[in-house]
2 protein chains.
Amino acid sequence: MAQVEQRYTRARRALVETLVSAGRPLSIAEILAATPAITQSSTYRNVTALIDAGAVRRVAGTDNHSRFELAEDLSGHHHHLICQTCGHVLDIAASPWLERALAEAARVAEEDTGFSVDDHRVDLVGTCSQCRRDGHR
Amino acid sequence: MAQVEQRYTRARRALVETLVSAGRPLSIAEILAATPAITQSSTYRNVTALIDAGAVRRVAGTDNHSRFELAEDLSGHHHHLICQTCGHVLDIAASPWLERALAEAARVAEEDTGFSVDDHRVDLVGTCSQCRRDGHR
DNA sequence: CTTTCTGCAAACGATTTGCAGCAGC
DNA sequence: GCTGCTGCAAATCGTTTGCAGAAAG
């Protein structure tokens, strides 16, 4: 959390538009490929700035690269489907049934542990059709 | 996946015992603190060896440090409760109700995307009582 | 004995940061 | 014009690896 003293520059506009049109979490490499005019260090600084501003969220995958997506305020609540071979991440819709089960699990966890739970992440992990076709690895 | 040509040395025994007695995912720093006689590089090599052997699993948290826990073959299926302030991770039990909702979500995702789903991760994210007491950050 | 581990220090790769000039407001 | 952003290159930090000696079987 930090300053609201932020400027909505060309680079940041481009970053947000890239995330919007992707509709799935992108790695820094993917963002750079989509915005060739912006350098890597600025991209890192901009995701940080936009995370502080509440517009972007960092998501953890199975590989060592961070990925970034629009905050749920902007994109709506959803879960992820992750390929454990290539690391690609897709958004998937959350069913009300699943959400209810998660809310109940959160209630139980708060009661048992003293945590206050205010979010959840659900990742389905598997292999995308592409990687399955290429033979595992 | 790799060799079974592995020796069950003092260091590996200590690593497994540390994970067993913790009952929750530990970072490399935490493992090192619990096994002062083993160096950092050996610990990294040993978690890798034990992951290859199927005894240990790497888990992604909210911070940049990897954490490690016993494979579910040994510890049973469970989910995680993560403190977004200090990064600590606790194990929590999965309810049958939640598991059923997840299985259904996986079925739908496979149908929609062509992925084959073979695992899932559920993380409840919040703030532990300790961090709440200390005032956020 | 042979093969796999271990410790140490150097190497890596992703991410961060200091600095000087440019751009938003 | 003042303040925040950008590019560049150097620094940082978690993690990996090469090598020579120690330990497992």
query = Salt bridge or not for B/Arg24 and B/Glu30, using N-O below 4.0 Å?
reply = yes

task = Give a yes/no answer on whether the side chain of A/Arg10 brings an N or O atom under 4.0 Å of OP1 or OP2 in C/dA23.
result = no

Main-chain N/O of A/Thr18 paired to A/Ser21 side chain as donor or acceptor, under 3.5 Å = yes

Between C/dT4 (C1') and B/Asp52 (CG): distance, integer Å = 14 Å

Spacing of A/Gln6 atom CD relative to D/dC5 atom P, expressed in whole Å = 6 Å

query = Has B/Thr9 got a side-chain N or O lying under 4.0 Å from the OP1 or OP2 atom of D/dA23?
reply = no

remark   = In whole angstroms, the gap separating P of C/dT15 from CZ of A/Arg67 amounts to 11 Å

message = Of the options D/dG25, D/dT6, C/dA23, whose atoms approach the side-chain atoms of B/Arg7 most closely?
response = D/dG25

message = Would the distance check show the side chain of A/Thr35 and the main-chain N or O of A/Ala37 forming a donor-acceptor pair, the cut-off being under 3.5 Å?
response = no

task = Describe the nucleic acid contact of B/Thr48 in one word from base, sugar-phosphate, nothing, applying a heavy-atom distance below 4.0 Å.
result = nothing

key: Charged N-O contact under 4.0 Å between A/Arg57 and A/Asp119   = yes

ask   = Relative to the 5' end of DNA chain D, which residue comes earlier, B/Phe68 or B/Tyr8, by the nucleotide with the nearest heavy atom?
value = B/Phe68

Between C/dT4 (P) and B/Leu50 (CG): distance, integer Å = 16 Å

task = Would you mind reading off the distance between B/Arg12 atom CZ and C/dT6 atom C1', rounded to a whole angstrom?
result = 10 Å

request  = Nearest whole angstrom, please: distance from the P of D/dG14 to the CG of B/Leu32.
outcome  = 12 Å

inquiry  = Heavy atoms within less than 4.0 Å of DNA chain C: which residues of residues 34-45 of chain A have one? Give them sorted by number.
reply    = A/Gln40, A/Ser41, A/Tyr44, A/Arg45

task = Write down the distance between CD1 (B/Ile31) and C1' (D/dG14), rounded to a whole number of angstrom.
result = 14 Å

message = Whether A/Asn46 contacts D/dT6 is assessed here as follows: a side-chain N or O lying under 4.0 Å from the phosphate OP1 or OP2. Is that the case?
response = yes

ask   = Which residue pairs pass the ring pair (Phe, Tyr, Trp, His ring centres under 6.0 Å) test with at least one member in residues 70-96 of chain A, sequence neighbours excluded?
value = A/His77-A/His79, A/His77-A/His120, A/His78-A/His80, A/His79-A/His120

ask   = In whole Å, what is the span from the CZ atom of B/Arg13 to the P atom of D/dA23?
value = 16 Å

inquiry  = Test side-chain hydrogen bond (donor to acceptor under 3.5 Å, both in side chains) on A/Arg58 and A/Ser66; report intermediate values, then the result.
reply    = CA-CA 7 Å; A/Arg58 182 186 304 256; A/Ser66 290; 3.2 Å; yes

inquiry  = Please determine whether a side-chain nitrogen of the Lys or Arg among A/Glu110 and A/Arg107 lies less than 4.0 Å from a carboxylate oxygen of the Asp or Glu.
reply    = no

task = Classify the nucleic acid contact of B/Ala49 as base, sugar-phosphate or nothing, counting any heavy atom under 4.0 Å across all strands shown.
result = nothing

